[in-house]
Amino acid sequence: MSAPAASAPTGPGKTAGRYNFRHSEPHWQERWEAEKCFQSDPNGDGLPAKADSRPKYYVLEMFPYPSGRIHMGHVRNYTMGDVVARFRRAQGYNVLHPMGWDAFGLPAENAAIERGVHPGQWTRRNIADMRQQFRPLGLSIDWDRELSTCEPEYYRHEQAMFLDFMDKGLVYRKESTVNWDPVDHTVLANEQVIDGKGWRTGAPVERRKLAQWFLKITHYAEELLSALETLDRWPDKVRLMQHNWIGRSEGARVFFPLAGRDDRLEVFTTRPDTLYGASFCAISAQHPLAAEIAETNPEAAAFIADCARLGTSEEAIEKAEKKGFFTGLEAVHPLDPEWRLPVYIANFVLMEYGTGAIFGCPAHDQRDFDFARRLGLPIRAVVAPRDADPVAFAAELEAGSEAFTGDGVAINSGFLDGLGVAEAKRAVIDRLAESALGEGTVQFRLRDWGVSRQRYWGCPIPVIHCPTCGAVPVPRDQLPVTLPEDVEFDRPGNPLDRHPTWAKVSCPKCGGAARRETDTLDTFFESSWYFARFCSPKVEGQAFNRAAVDYWLPVDQYIGGIEHAVLHLLYSRFFTRALKDCGYLGLEEPFKGLFTQGMICHETYKDADGRWLSPDQVTRGEDGALVHRTEGTPVSAGRSEKMSKSKRNTIDPAAIIEAYGADAARLFMLSDSPPERDLDWTDSGIEGAWRYLNRLWRLAAEPATPLPAPNAPRPDDLGDGLPLMRALHKTIAGVSDDLDRLRFNTAVARLREFTNAYEAFDAAGDGPDWVRRHALETLARLWEPMIPHLAEELWSLLGHERLLIHTDWPTHDPALLVDDTVTLAVQVNGKLRGQLDVARDADRQTIEAAALALPNVTAQTAGKTVRKVIVVPGRIVNVVAN
RNA sequence: GCGGGCGUGGCGAAAUCGGUAGACGCAGCGGGCUUAAAACCCGUUGCCUUUCAAAGGCAUGGGGGUUCGAGUCCCCCCGCCCGCACCA
């Protein structure tokens, strides 16, 4: 790509002048800073000044992980947020637009292992670097509210929250399975397990049981689900994903007494109506009953081990045949004491869902059907479609290979026969309840949130393990529990665990020797409340100044990536409820408006050997074909994909800003693609943005016609300036609406369209000249949220001393939106045959007559009879003739 | 397998109360300015028929339907993308 050299304007003449962004952008940034334009915390308590009566508006972009380098995704994300922040500020809102760092996490530990640098040092240096990289973008951020989650001033509050959650019964500890890398002696996150092997060591991952801390998100499952309906400014897609993730299903718990034993098998089903079609029971390989049987039955133990081996790779699960092992036990059918069902251990039953046990009804569940076929178990139809012949239907189903899962009526089901599915469910549940053999229940797919991580670089869990008192909370006056600085990463495992002194403490209860919890919190913990901490980031004794969170929350517009659709957003919704129940704040939903932006993509390149090449290694040869820049060897271009280091198709924002300036980068980010869709980065796209900025700059720096003085009075009669004035007001209305709905691409198109109209405008006189200046000033004001530096530059070129950012957002004059005449499309039989200019208020007869008189219309209707003329005022005339 | 989304010029896209499809931009083509190039400016650009003009035909993944009129609503089919994935 050719980087334009910014030069001083050369004045009118043969060479067009160029906008010098290198001078201008830092200049306006300094002015904004000097005038404290983005400050929002005058008292230090998070609240606005007493006299400030503006309504509040909280705009937030998901805070970044401090990797050390900003990437194009950041530029897009923060540009969008900045447009919203600047737009709302101009509209008279008191805007909160903060920035912080999601600073705990694995990459810092990897850096420590690979380069021997301390995670804290690495993280803090990255933060400093990234702050510097954000600065040239000209974002309207209140940096005074900056926070970093890895600092004790931040995480001490979440330790207190953890203890409050404990008091509220929202925290518990239980054994849970983790992915264990036997070489690194470390726990792996799911995404670090690739094909059942550790990503770093390649060693087969083991499943180990560890006691871990859980947060009871399921306590709020019902509410988290139902409240989704109130989030009307969230994308449907995200709400749907959360809906599915929570996965509510209504059904029943059914108890099957075990023949010859005192205990019973507890089963969850959504189809109690098919109980008469049961032909077996099945339990998970992890079910306690399975373990019990395995103790005395080596074959059962072998089968269970077999099941455990499976289950790492998704593909294996997909292809796995349904397998079962007969336990020798028989379950008694709850509706018929004479009826016995064999009990199997089955590889397709999940311990984590429901009760870890099912009853199988092959006729009406495909999995059960497959299982029954394999093991030769009976298949008995107990539901038939309403219009089917029950006997024939049952025969066909039992001979076929597919279960029937649709609605219908009960057959072969005793007292249920003839009832619909829904009625039959109710009837069965009632009958079971009478004999205490079952009950209606609601089951969720959502599981409790396991927050323990066997890691160093995270927030310490404030608990002490005492051999006599058990898990004891760290007394609040001893918070924060801080991470030790003197740690080594030269050996595998968790440095906290093997630290010589850190974990050794005395029990707060009995004073005996005890040991600190060495697990740290999942990093989703920090991001579940940072948006609230931003409301009063400087208060010390408490997490929040209650008045400040009451004032600022909820976040009016949250912007971030779709990858956080479920976990981060669901955890934050949970946290907000839990914090409310602990008295921290007073609302349930933290994010009123949510917007998920698309990714930045770029074409990918490979050399002849299939190695990825970065865009700057690729150029076009003389024949236009892609070649390697230095070696001249052929290069093949692949499809456009999300920018990623592994595919080497990234573009460095710093290089773009250096070559074209921040406004060009911002403009390109907002142009062309709708913000929720992926954006393709192209060289020609950024060139186009840069070209437009210069055009705009020239309108003010080198005007074709001299402009009247600033603040010149508006002439009573705009004369020939009226059409441009109308176009301007349509633009004001359109752009305001676009920005309100975050439709940045159409706002850009509209402003460019008006620029075209402005340049084509050649009327002369006082009226037109006044409109010219007015239009240019308004154009600067409308552009300011998107390209703030150039907008200020234009404003200044137009002779204003006071910053543009302090001027109000323009409002349109509704009278100027309606034209005196309108152009109607004229159709004959639905096909366009001409156009008609008529007065806006022309009556139907006049329009009809004029339309029928159009030469093209008479030609088309010649020899036909006009049956009907449809007139849609202001839009269209359709002549129906045959 | 289940759920959701999307298919519009060479490309990114507009047009969502059913009313002139292709705004705005990218790329292309022709021209101007220039010693030359860049930059900049002007014109042009969905496809087809037509020497020009005028006009006409075809076009929003494919097929059918509703309607005076369908990118938009309904039904069927095809393709791509995303989420979940033995959730009983």
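To find a chain, count down the sequence lines: A is the first, B the second, and so on, and within it residues start at 1.
Using cut-offs of 30° and 60° for the angle between ring planes, the Phe280(A) and Phe371(A) rings count as tilted. Ring geometry, Trp449(A) versus Tyr571(A): the interplanar angle falls under 30°, so the pair is classed parallel (tilted spans 30 to 60°).
Residues Asp370(A) and Arg373(A) are not paired through a salt bridge, judged by the lack of any N-O separation under 4.0 Å between the basic side chain and the carboxylate.
Counting only heavy atoms from C-beta on, Thr270(A) has its side chain closest to rA88(B) among rC24(B), rC86(B), rA88(B). Side-chain atoms of Asn756(A) lie closest to rG25(B) of the nucleotides rU20(B), rG19(B), rG25(B). Nearest nucleotide to the Arg691(A) side chain, out of rG25(B), rG57(B), rC26(B): rC26(B). Closest to the Gln835(A) side chain, of the nucleotides rA27(B), rU20(B), rC86(B), is rU20(B). Distance from the side chain of Arg445(A) is smallest for rC84(B) among the nucleotides rC84(B), rC41(B), rC26(B). The Leu832(A) side chain lies nearest to rA21(B) when the options are rG69(B), rA88(B), rA21(B). Closest approach to the Arg752(A) side chain among rA88(B), rG25(B), rC41(B) is made by rG25(B) (side chain taken as heavy atoms from C-beta onward). Between rC40(B), rC68(B), rA55(B), one nucleotide has an atom nearer to the side chain of Asn856(A) than all others, and that is rA55(B).
Residue contacts for Gly688(A): at a heavy-atom cut-off of 4.0 Å it reaches the sugar-phosphate backbone alone, with no base atom in range. Residue contacts shown for Arg750(A) are absent, as no nucleic acid heavy atom lies under 4.0 Å away. Heavy atoms of Val349(A) sit under 4.0 angstrom from at least one base atom. Residue contacts for Glu753(A): at a heavy-atom cut-off of 4.0 Å it reaches the sugar-phosphate backbone alone, with no base atom in range. Using a 4.0 Å heavy-atom criterion, one finds that Arg833(A) contacts the sugar-phosphate atoms exclusively. Residue contacts for Asp236(A): at a heavy-atom cut-off of 4.0 Å it reaches no nucleic acid atom on any strand shown. Contacts of Thr682(A) with the nucleic acid, taken as non-hydrogen atoms under 4.0 Å apart, are absent.
Close placement of the Phe21(A) and Trp690(A) rings is indicated, their centers lying within 6.0 Å of each other. Aromatic rings of Trp681(A) and Phe668(A) (six-membered ring for Trp) have centroids within the 6.0 Å cut-off, being under it.
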Can you give the dot-bracket line for RNA chain B, using ( ) for pairs inside the strand, [ ] for pairs that cross earlier ones, | for pairs with another strand and . for unpaired bases, where Watson-Crick and G-U count if both distances are under 3.5 Å? (((((((..(((......[....))).(((((.......))))).((((.....))))..(((((..]....))))))))))))....
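Looking at residues 861-875 of chain A, you'll see Ile870(A), Val872(A), Arg875(A) sit with a heavy atom under 4.0 Å from some atom of RNA chain B.
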Using the 3.5 Å cut-off, write out each protein N or O paired with an N or O of nucleotides 29-32 of chain B and the distance between them.
none

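For Glu676(A), the salt bridge (charged side-chain N to carboxylate O under 4.0 Å, His left out) criterion is met by no residue, not counting sequence neighbours. Judged as a ring-ring contact (aromatic ring centres under 6.0 Å, His included), and not counting sequence neighbours, Phe255(A) has no contacts. Residues satisfying the salt bridge (charged side-chain N to carboxylate O under 4.0 Å, His left out) test with Arg752(A), not counting sequence neighbours, are none. Annotation: salt bridge (charged side-chain N to carboxylate O under 4.0 Å, His left out) contacts of Asp365(A) (sequence neighbours excluded): Arg367(A). For the salt bridge (charged side-chain N to carboxylate O under 4.0 Å, His left out) test, no residue two or more places apart in sequence or in another chain qualifies with Arg677(A). By the ring-ring contact (aromatic ring centres under 6.0 Å, His included) test, Phe404(A) is found to be paired with Phe393(A), residues two or more places apart in sequence or in another chain being considered.
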A correct 5'-to-3' footprint of nucleotides 4-16 of chain B, with B, S and - meaning base, sugar-phosphate only and no protein heavy atom under 4.0 Å, is S-------BSSS-
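Going from atom OH of Tyr353(A) over to atom P of rC86(B) covers 12 Å, rounded to whole Å.
Side chain to side chain, Thr604(A) and Asn649(A) fail the donor-acceptor criterion of an N or O pair below 3.5 Å. No donor-acceptor contact under 3.5 angstrom links the side chains of Asp837(A) and Thr821(A), judged on distance only.
Applying the side-chain hydrogen bond (donor to acceptor under 3.5 Å, both in side chains) test to residues at least two apart or on different chains, the pairs with a partner in residues 865-882 of chain A are Arg867(A)-Asn882(A).
In this structure, Val877(A) and Phe444(A) both approach RNA chain B, and ranking their closest nucleotides by distance from the 5' end singles out Val877(A).
For rG65(B), the O4'-C1' to base torsion is more than 90° from 0; the nucleotide is therefore anti.
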Would you list the atom pairs, donor with acceptor, under 3.5 Å between side chains in residues 826-836 of chain A and any protein atom, with sequence neighbours excluded?
unit_1: Asn829(A); atom_1: OD1; unit_2: Ala881(A); atom_2: N; d: 3.0
unit_1: Asn829(A); atom_1: ND2; unit_2: Ala881(A); atom_2: O; d: 2.9

